[in-house]
S.K.: 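First, the structure itself, so that you have it in front of you.
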Amino acid sequence: MAIRPSKKFGQHWLKNKNVLDRIILTAQLKSSDRILEIGPGKGVLTQRLFTQAERLLSVEIDRYLCKLLVNKYGEVDNFLLLEGDFLQLDIRELLQNFPQFANYNKVVANIPYNITGPIIEKLLGTISKPAEKQLESIVLLVQKEVGKRLVAEPNNKTYGALTVKVQYLADCEIICDVPAKDFYPQPKVDSVIIKIIPRDIAQPADHPKFLDSLIKLGFSSRRKMLKNNLKSIIGTEELTTILDHLNLNSQVRAENLSLREWINLSNTLNSL
Ligand code: SAH
């Protein structure tokens, strides 16, 4: 049975073998690794993963693809496939009968781009509620624009709330470009391979929950100055004094503050 790629599920099959090699190389697979893959599709990456790692757990939403994968790899005993929406599934609960697949230490995947943000959040957690178990590394194919946002530095137009939130929880690196022509059907956007390494931040925020909402509010209107975006929580004059103490100009915008400056601002506002 020929399976027509579904737009709804963001299906674009990777067809360049060199890119597969590069993903595998980036993940630095060891024979003791237990991997989670989101969106195995027809299984090109899947096969590489279960042959090189100790175990592979893959989660696929599309029932027809699940059937195809079971036909192809159903006999492989270090491979487990879960059918369902990665964002909705309670994986830990589902794996109670398969505990050997539960403690994955790495994620390697060519994911559906329409849910990149939520996938990263499910893997890393949030500033106020980081993931309980820190993964060793996460290697993903993502839309190039998103990759740029993840690694952005301050004073750059790609630097946004996603940047600050992810960089609080992890180090991110773009490994290489992957052009649209390396997929079938060809997506409208180019891609990159990214590597995300979760880590604890040195000197975390005193009140992570407050920092979380401060970032959201600060970036709520990108063109406005920070003092205008934060009006609902602090008066302009008072904020100007605080910014001055933090060596920041009163005209700054959210995109001008480094991660450390966001944390300092959050700590100061909180102690008022
Ligand atoms: N990894 C494959 C397919 C990538 S396309 C390859 O490289 O060729 C993205 C895949 O994610 C598709 O198979 C799609 O069906 C699946 N998918 C989409 N939404 C999903 C979700 N919410 N949970 C799990 N899988 C999903």
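First listed ligand is number 1; within each ligand, the first listed atom is number 1.
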S.K.: Checking Asn267 side chain against Asp206 main chain: does a donor-acceptor pair fall under 3.5 Å?
M.R.: yes
S.K.: Supply the atom-to-atom distance Ile91 CD1 to Leu36 CG, rounded to the nearest 0.5 angstrom.
M.R.: 5.5 Å
S.K.: For atom 2 (C) of ligand 1, grab the closest protein heavy atom and report residue, atom and distance to one decimal in Å.
M.R.: Pro40 O, 3.4 Å
S.K.: Nearest heavy-atom pair of Ser250 and Thr240: which atoms, and what distance?
M.R.: CB-CG2, 3.5 Å
S.K.: Which ligand 1 atoms does Leu65 reach within 4.0 Å, using its non-hydrogen atoms?
M.R.: 13 (O), 15 (O)
S.K.: Report yes or no: does Ile115 have a heavy atom closer than 4.0 Å to ligand 1?
M.R.: yes
S.K.: Does CD belonging to Gln186 count more than 12 external heavy atoms closer than 6.0 Å?
M.R.: yes
S.K.: Output the list of atoms in ligand 1 that are nearer than 4.0 Å to some heavy atom of Val59, sorted by atom number.
M.R.: 24 (C), 25 (N)
S.K.: About how many Å separate OH of Tyr168 and CG of Leu259, when rounded to the nearest 0.5 Å?
M.R.: 8.0 Å
S.K.: Output yes when the distance from some N or O of ligand 1 to some N or O of Pro112 is under 3.5 Å, and no in every other case.
M.R.: no
S.K.: Who's closest to atom 6 (C) of ligand 1 heavy-atom-wise, of Asn110, Leu69, Ile61?
M.R.: Asn110
S.K.: Considering only heavy atoms of Leu14, which atoms of ligand 1 have at least one such atom less than 4.0 Å away?
M.R.: 6 (C), 7 (O), 8 (O)
S.K.: Give a yes or no answer on whether the side chain of Tyr104 reaches the backbone of Arg55 with a donor-acceptor pair at less than 3.5 Å.
M.R.: no
S.K.: What I want to check is whether the side chains of Asn256 and Glu261 have a donor and an acceptor closer together than 3.5 Å.
M.R.: no
S.K.: Would you mind checking which non-hydrogen protein atom is closest to atom 18 (C) of ligand 1, with the distance to 0.1 Å?
M.R.: Phe9 O, 3.1 Å
S.K.: For Asn16 and Asn18, indicate whether the former's side chain and the latter's backbone hold a donor-acceptor pair under 3.5 Å.
M.R.: yes
S.K.: Nearest to atom 22 (N) of ligand 1, what protein heavy atom do you find, and at what distance?
M.R.: Asp85 OD1, 2.8 Å
S.K.: Does ligand 1 come near enough to Glu60 that some N or O of the ligand is less than 3.5 Å from an N or O of the residue?
M.R.: yes
S.K.: How far is atom 9 (C) of ligand 1 from its nearest protein heavy atom, and which residue and atom name does that atom have?
M.R.: Gly10 O, 3.6 Å
S.K.: Give the contacting part of His12 toward ligand 1: side chain, backbone, both or neither, where contact means a heavy-atom distance below 4.0 Å.
M.R.: backbone
S.K.: What distance do Glu255 atom CD and Thr163 atom OG1 have between them, rounded to the nearest 0.5 Å?
M.R.: 10.5 Å
S.K.: Which atoms of ligand 1 sit under 4.0 Å from any heavy atom of Trp13?
M.R.: 3 (C), 8 (O), 13 (O)
S.K.: Please confirm whether Gln11 comes within less than 3.5 Å of ligand 1 when only nitrogen or oxygen atoms on both sides are compared.
M.R.: yes
S.K.: Answer yes or no: is there an ion pair linking Arg63 with Glu83, defined by an N-O contact shorter than 4.0 Å?
M.R.: yes
S.K.: Considering only NZ, NE, NH1 and NH2 on the basic side and carboxylate oxygens on the acidic side, decide whether Asp212 and Lys209 come within less than 4.0 Å.
M.R.: no
S.K.: Using a 3.5 Å cut-off on N or O atoms only, is Phe86 in polar contact with ligand 1?
M.R.: yes
S.K.: Considering Gly39, Gly84, Ala109 one by one, which has a heavy atom nearer to atom 1 (N) of ligand 1 than any of the others?
M.R.: Gly39
S.K.: For Leu45, which part has a heavy atom under 4.0 Å from ligand 1: side chain, backbone, both, or neither?
M.R.: neither
